[in-house]
Amino acid sequence: MGARVVLAYSGGLDTSVAIPYLAKQTGGDVVAVSLDLGQGGEDMESVRQRALDCGAVESIVVDAKDEFVNEYCLPAIQANGMYMKQYPLVSALSRPLITKHLVKAAQEHGGTHVSHGCTGKGNDQVRFECSFRALDPSLDIIAPARDYAWTRDKAIAFAEEIDLPIEQTAESPFSIDQNVWGRAVETGFLEDLWNAPTKDVYAYTEDPGLGNAPDEVIVSFDKGVPVAIDGKKVSVLQAIEELNQRGGAQGVGRLDMVEDRLVGIKSREVYEAPGAMILIKAHEALEDITLERELARYKRLTDARWSEEVYDGLWYSPLKRALDAFTLSSQDKVSGDIRMVLHNGTATVTGRRSPESLYDYSLATYDSGDAFDQSSAKGFVQLHGLSMQMANQRDRDGGFPTDAASLTDKNDD
């Protein structure tokens with residue numbers, strides 16, 4: 001039996017070029033697999049047909065929107081998933097799911113190889129290939145854009161030479177990846193860090209300066225899961241879609257950043273993720289009032305580590321699974337409502353309420369009815385800073401009294 005390559009097919013330049021090129025290089029068949037992740041735009045039937053037009057012997061389209069949202073985006077909400085405290089993992093979340101379906105297709109259709117269209121400069125090659133090896137290491141991996149030194153201009157020229165049906169041209173060279181969680185744009189004039197993004201870069205969001213009237217929204221959670229918008233029950237997918245629309249109309253969720261790629265280089269990326277940014281901010285605000293202080297402090301550390309594992313392509317790692325378990329256990333009390341105002345590119349929290357809230361008005365107030373015993377604070381403050389006080393006295397004076405009690409006694413005068 002000859003080679004049969006199962007290709008992650010997006011319908012764009014790199015993977016369209018990959019179909020005839022892989023067939024030529026391997027002398028075998030190419031099976032294209034495309035996932036509907038709520039990216040919108042082109043009809044998935046058109047994508048399926050394009051793969052066939054480019055030479056695929058089979059073209060498979062999977063409606064994976066609910067799976068993506070419930071098994072990948074929801075954990076990101078609960079882990080407040082932000083790489084470098086900014087990027088909501090738009091592409092990183094989708095890669096392990098795409099890989100899962102490629103491996104499944106390879107097992108069902110006699111695949112000997114799996115392939116992706118990633119270059120050698122990006123993170124996605126790592127995300128795909130580490131996941132392939134975790135799920136089925138018997139499959140050989142081919143990365144034509146990397147392994148055969150395809151540059152973007154060469155790929156465009158090759159596509160035009162054999163009349164492949166693609167959208168990218170030499171005049172519009174952006175590389176775009178999008179799904180319901182957000183949209184990522186890179187390359188082209190954006191590679192010059194001094195160039196500001198132009199209007200044509202954006203598709204999910206309106207210009208924040210348009211002056212649209214503020215939009216007040218209430219997001220409700222049940223154990224860390226968004227369950228209602230303005231009191232109306234929604235699925236997680238519906239919550240993301242509605243907030244994409246409402247946040248996008250206000251210009252919320254735009255991000256222009258230089259990120260530290262796993263391969264060791266810095267890369268300028270422009271993102272749009274209104275729904276993701278709103279939900280994560282709302283979820284964080286709800287955790288602020290429902291998580292006990294030490295749990296909240298530690299979870300901020302694990303949130304950052306979870307985001308790094310996902311960004312680095314280690315979705316199927318033991319550490320990532322353990323962090324998932326910790327995150328899920330922390331969500332038992334994360335229920336309630338967050339009110340936000342969407343306006344001029346920002347999502348501002350203006351109200352919080354929860355039956356599980358740890359906020360006690362009688363302890364927090366400075367007015368009449370204050371139940372906090374301020375007299376107990378004096379001894380607490382002395383003991384809390386005692387070790388620091390002793391260390392500083394040692395370093396300043398070359399030592400400290402043998403009778404450590406004198407350090408506190410003199411403060412009681």
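Hydrogens, waters and symmetry mates are skipped; everything else that's a heavy atom, side chains included, is used.
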> Is E287 salt-bridged to K299, going by a charged N under 4.0 Å from an acidic O?
Replying inline: yes
> E356 and K223: salt bridge (charged side-chain N to carboxylate O under 4.0 Å, His left out), yes or no, with the steps?
Replying inline: CA-CA 10 Å; E356 306 289 355; K223 296 186 177 181; over 6 Å; no
>> Once salt bridge (charged side-chain N to carboxylate O under 4.0 Å, His left out) is applied, do any residues pair with E242, and if so which ones, sequence neighbours excluded?
In response: R246
> Partners of Y83 by ring pair (Phe, Tyr, Trp, His ring centres under 6.0 Å), sequence neighbours excluded?
Replying inline: Y311
>> Using a 3.5 Å distance criterion without hydrogens, assess whether the side chain of R95 forms a donor-acceptor pair with backbone atoms of V126.
In response: no
>> What verdict does the side-chain contact (heavy atoms from CB on, under 4.5 Å) test give for V30 and V57, after you've listed the backbone C-alpha separation in whole Å, the side-chain angles of each residue and the deciding distance to 0.1 Å?
In response: CA-CA 6 Å; V30 177; V57 296; 5.9 Å; no
> How far apart are the closest heavy atoms of G120 and V263, and which atoms are they?
Replying inline: O-CG1, 4.4 Å
>> Looking at S307 and M82, would you say the former's side chain and the latter's main chain have a donor-acceptor pair under 3.5 Å?
In response: yes
> In terms of side-chain heavy atoms, does S317 have a donor or acceptor partner in E309 at a distance below 3.5 Å?
Replying inline: yes
>> Quick one, H384 with Q389, criterion side chain to side chain donor-acceptor pair (under 3.5 Å). Give me CA distance, side-chain angles, the key distance, then yes/no.
In response: CA-CA 10 Å; H384 179 68; Q389 178 183 344; over 6 Å; no
> T15 side chain to A18 main-chain N or O, any donor-acceptor pair under 3.5 Å?
Replying inline: no
>> Using only atom types and a distance under 3.5 Å, with no angle test, would you say the side chain of H116 pairs donor to acceptor with the backbone of C118?
In response: yes
> Taking atom NZ of K104 as the centre, does the number of heavy atoms from other residues, nucleotides or ligands within less than 6.0 Å exceed 12?
Replying inline: no
>> The test is side-chain contact (heavy atoms from CB on, under 4.5 Å); show your working for Q331 and H283 and say whether it passes.
In response: CA-CA 10 Å; Q331 298 301 290; H283 180 263; 2.6 Å; yes
>> Contact between I229 and V219 at the side-chain level, heavy atoms closer than 4.5 Å - yes or no?
In response: yes
> Should K100 and E67 count as an ion pair when the cut-off is N to O under 4.0 Å?
Replying inline: yes
> Do you know the tightest heavy-atom contact between V252 and A347?
Replying inline: CG1-CB, 4.2 Å
>> Donor-acceptor pair, distance only, cut-off 3.5 Å: does the side chain of S115 make one with the backbone of V5?
In response: no
> Can you check side-chain contact (heavy atoms from CB on, under 4.5 Å) on I141 and R133, steps first, answer last?
Replying inline: CA-CA 9 Å; I141 301 170; R133 292 189 172 96; 3.9 Å; yes
>> I need the I338 CD1 to I218 CD1 distance, nearest 0.5 Å.
In response: 10.0 Å
> Side-chain donor-acceptor pair under 3.5 Å between S16 and Y9, yes or no?
Replying inline: yes
> Is the shortest heavy-atom distance from the side chain of V31 to the side chain of R4 under 4.5 Å?
Replying inline: yes
> What distance do N179 atom CG and I98 atom CD1 have between them, rounded to the nearest 0.5 Å?
Replying inline: 8.0 Å
> Testing Y202, Y87, Y204 for ring-ring contact (aromatic ring centres under 6.0 Å, His included) with Y271, which one passes?
Replying inline: Y87
>> Which heavy atom of L74 sits nearest to which heavy atom of G224, and what is that distance?
In response: CD1-O, 3.9 Å
> Can you check side-chain contact (heavy atoms from CB on, under 4.5 Å) on M44 and S34, steps first, answer last?
Replying inline: CA-CA 8 Å; M44 292 304 295; S34 306; 3.9 Å; yes
> Think R352 forms a cation-pi with Y359, using NZ or CZ under 6.0 Å from the six-ring centre and within 45 degrees of its axis?
Replying inline: no
> How long is the gap from OG on S94 to CD on Q39, to the nearest 0.5 Å?
Replying inline: 9.0 Å
> Do W315 and Y72 have ring centroids that are under 6.0 Å from one another?
Replying inline: yes
> In Å and rounded to the nearest 0.5 Å, what is the OG to CG distance from S10 to D177?
Replying inline: 8.0 Å
>> Between the side chains of E129 and R146, is the shortest nitrogen-to-carboxylate-oxygen separation below 4.0 Å, so that they form an ion pair?
In response: yes
>> Once rounded to the nearest 0.5 Å, what's the spacing between atom SG of C73 and atom CG of L89?
In response: 10.0 Å
> So, do M340 and K281 sit near enough that their side-chain heavy atoms are less than 4.5 Å apart?
Replying inline: yes
> Do Y21 and I142 have side-chain heavy atoms sitting under 4.5 Å apart?
Replying inline: no
> Is there a side chain to side chain donor-acceptor pair (under 3.5 Å) between D360 and S362 once you walk through the steps?
Replying inline: CA-CA 6 Å; D360 187 326; S362 65; 2.6 Å; yes
>> Just verifying a value: how many Å separate L286 CG and D337 CG, rounded to the nearest 0.5 Å?
In response: 8.0 Å
>> For the residue pair W306 / N80, report whether a side-chain donor-acceptor contact shorter than 3.5 Å exists.
In response: no
> Between the side chain of S267 and the main-chain N/O of E259, is any donor-acceptor distance below 3.5 Å?
Replying inline: no
> Which pair of non-hydrogen atoms, one from S131 and one from G313, has the smallest distance, and what is that distance?
Replying inline: OG-O, 4.4 Å
>> Contact between E186 and L190 at the side-chain level, heavy atoms closer than 4.5 Å - yes or no?
In response: no
> Where do R254 and P208 come nearest, in terms of heavy atoms and distance?
Replying inline: NH1-CD, 3.7 Å
> With a 3.5 Å cut-off and no angle check, do the side chains of Q107 and D136 form a donor-acceptor pair?
Replying inline: yes
> Is there side-chain contact between R305 and L319, with heavy atoms separated by less than 4.5 Å?
Replying inline: yes
> Do R339 and T350 meet the criterion of a side-chain donor-acceptor pair at a distance under 3.5 Å?
Replying inline: yes
> Does E272 pair with R183 as a salt bridge, N-O distance under 4.0 Å?
Replying inline: yes
> Would you say the side-chain atoms of T327 pair up with the backbone N or O of Q78, donor to acceptor, closer than 3.5 Å?
Replying inline: no
> Does a side-chain heavy-atom distance below 4.5 Å link L358 with I289?
Replying inline: no
> Do you know which two heavy atoms are closest between D370 and L363, and how far apart they sit?
Replying inline: OD1-O, 4.1 Å
>> With heavy-atom distances below 4.5 Å as the criterion, would you say the side chains of V114 and F128 are in contact?
In response: no
> Does any N or O in the side chain of D140 come within less than 3.5 Å of the main-chain N or O of H113, such that one atom is a donor and the other an acceptor?
Replying inline: no
> So, the side chain of H343 versus the backbone of N212: is there a donor-acceptor pair under 3.5 Å, distance only?
Replying inline: yes
>> Checking the side chain of T26 only, and the main-chain atoms of G28 only, is there a donor and an acceptor separated by less than 3.5 Å?
In response: yes
> Which is it for R127 and D124 under the salt bridge (charged side-chain N to carboxylate O under 4.0 Å, His left out) test, yes or no, and what are the steps along the way?
Replying inline: CA-CA 5 Å; R127 296 164 182 158; D124 282 338; 2.7 Å; yes
